[in-house]
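Some notes on the structure that comes next.
Read the numbers this way: they start at 1 and go in the same order the structure lists the ligands and their atoms.
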Amino acid sequence: MSDFDVVVVGGGFAGVTAARDLSGAGLSVLVLEGRDRLGGRTYYREFAGRDKKLEMGGTWVSPGYQKYVTSELERYGIPTFQSPEPEQFGWGLDKSILRAPFPIPAAEWVAFERAITTINTQAARIRFYEEPLGQDGLEDLDVSFEHFVDAMELPPTTREFILAWPAFYFGAYPSRLSALHVLSWVAGWGNSSMAWLTELTDKIVDGTKNLVDRIIGDSDAEVRLSTPVDSITEGSDGVQVTTRLGEVFTAQAVVVATPINTWGSMTFSPPLTGSHLAMAQEKQAGESVKIWALVRGVDDNFFGVGWHTSIKWLATEYTTEEGSYLVGFASAAADLDPSDPADITRAVQEFLPEAEIVAVDAHDWNADEFSQGTWMAYRPGQVMAHSRALQEPRGRILFANSDLASGWAGWIDGAIESGGRAARAAQDLVQK
Ligand SMILES: Cc1cc2nc3c(=O)[nH]c(=O)nc-3n(C[C@H](O)[C@H](O)[C@H](O)COP(=O)(O)OP(=O)(O)OC[C@H]3O[C@@H](n4cnc5c(N)ncnc54)[C@H](O)[C@@H]3O)c2cc1C
């Protein structure tokens, strides 16, 4: 007799979705979460020393295009609100900052159009949401995005413009990033590169925590916080989950809802094999650095994108009496130290030399043992080699997280997709 029908390891969006669905199917569920809070790579909290609540992790959703998160928001009647419209621009291309709405010089417009058309046409080959991304016939796209872009032989500003977007959207440099994964997000936005630039403006009212709380509150699952799992051992009639403090729980099935980059920190017995082992070792490439800065002297809503800059995207998110809250993303831990206010000040002032930095804040996801990186960024070759097999169960162990979603891999939407899939598989296993 097991303690629970299913143990869910990890209480991010994938874990809480799986727990809710399993509990709703009448199964007994225990969620073991390493941190002292649910939500994982989403983290809605007050900016240091202020009462302004901000998202330190996952934030934006795209209701018209992301069906899983949209359906959860509708289910719980949670509205979204918009990021502000940009009023002034800064483009860190060609080794300078251009303060103009559109950075591509007229001499490059035809090349720019060709690049956008090529990206959209290649993205249209992807059967988005229908099955894992490693689909037959897409092998030629699982090369580095930089290689894919360079094959188009673009003029310099267009090239940097195209490279800069995935650099911040994925938190990885395009040389370390699969073009197929990049193109999948274009596919998700209806094969429109330009939608990629304009359609991501919705934020969840009262934060991502609002939705996490509603999902888990809608279940009878037992939740234990501050309970990191150390090992998962599969036997012939069940699974044993041992916490770092030595507590042991037995279950008919386990949903491992932890990030791929942390799999190597748990002991699996029998050990992980195949794609699960390969990804645990190679890891995914996402190492974004997200920062917040409270600034004065930037009165109109700013929007900046750069290729040579430390921060690849910088934007005004909120305006208060004390100043504006700017959010920024860098592509690599080496480019920006989120724990160093002077480094954040330097990076913000690359775009906005006139900005007076009042205070800064960030969560260091790369140093956090429960994430060890940011959101999914498949390396070149990883999609075709692993994306299908990652979704496969291994005996009584099901894997769920945004990293291995079929559609929006790397997004809250992908986490919800994946949690639902794992719950259905775990239910089948337990009820066999
Ligand atoms: C800075 C940043 C910005 C982002 N921006 C966006 C955005 O704008 N829009 C968007 O849709 N997505 C965004 N994302 C991505 C999105 O947040 C994630 O894809 C999604 O939240 C992942 O959910 P998950 O459940 O798959 O994994 P996680 O949220 O990582 O959940 C996994 C859980 O497992 C726990 N865990 C790990 N190891 C153990 C262990 N040994 N024992 C027990 N528990 C453990 C973790 O603490 C965590 O709670 C962003 C992410 C980051 C970091």
Distance filter under 4.0 Å to Thr59 heavy atoms, resulting ligand 1 atoms: 5 (N), 6 (C), 7 (C), 8 (O), 9 (N)
Non-neighbouring partners of Gln122 that pass side chain to side chain donor-acceptor pair (under 3.5 Å), sequence neighbours left out: Arg125
Residues Lys203, Glu317: salt bridge by 4.0 Å N-O rule: yes
Nearest non-hydrogen protein atom, atom 11 (O) of ligand 1: Ile412 N, 2.8 Å
Cationic N near anionic O, under 4.0 Å, Arg244 to Glu369: yes
Close-contact set for ligand 1 against Leu32 heavy atoms, below 4.0 Å: 43 (C), 44 (N)
Heavy atom of Ser418, distance to ligand 1 below 4.0 Å: no
Glu46: salt bridge (charged side-chain N to carboxylate O under 4.0 Å, His left out) partners, not counting sequence neighbours: none
Ring centres under 6.0 angstrom apart (Trp91, Phe161): yes
For atom 45 (C) of ligand 1, the protein heavy atom that lies nearest, with its residue and separation: Thr258 CG2, 3.6 Å
Ion pair check, Asp403 and Arg41, cut-off under 4.0 Å: yes
Per-atom contacts, ligand 1 versus Gly11 - under 4.0 Å to a heavy atom: 33 (C), 49 (O)
Minimum-distance protein heavy atom relative to atom 4 (C) of ligand 1: Gly58 CA, 3.2 Å
Per-atom contacts of ligand 1 with Val229, taking only distances under 4.0 Å to non-hydrogen atoms: 40 (C), 41 (N), 42 (N), 43 (C)
Contacting atoms of ligand 1, where contact means under 4.0 angstrom from a heavy atom of Ala257: 31 (O), 32 (C), 33 (C), 34 (O)
Whether Val61 lies under 4.0 Å from ligand 1, heavy atom: no
Atoms of ligand 1, numbered as shown, that sit under 4.0 Å from any heavy atom of Ser402: 19 (O), 22 (C), 26 (O)
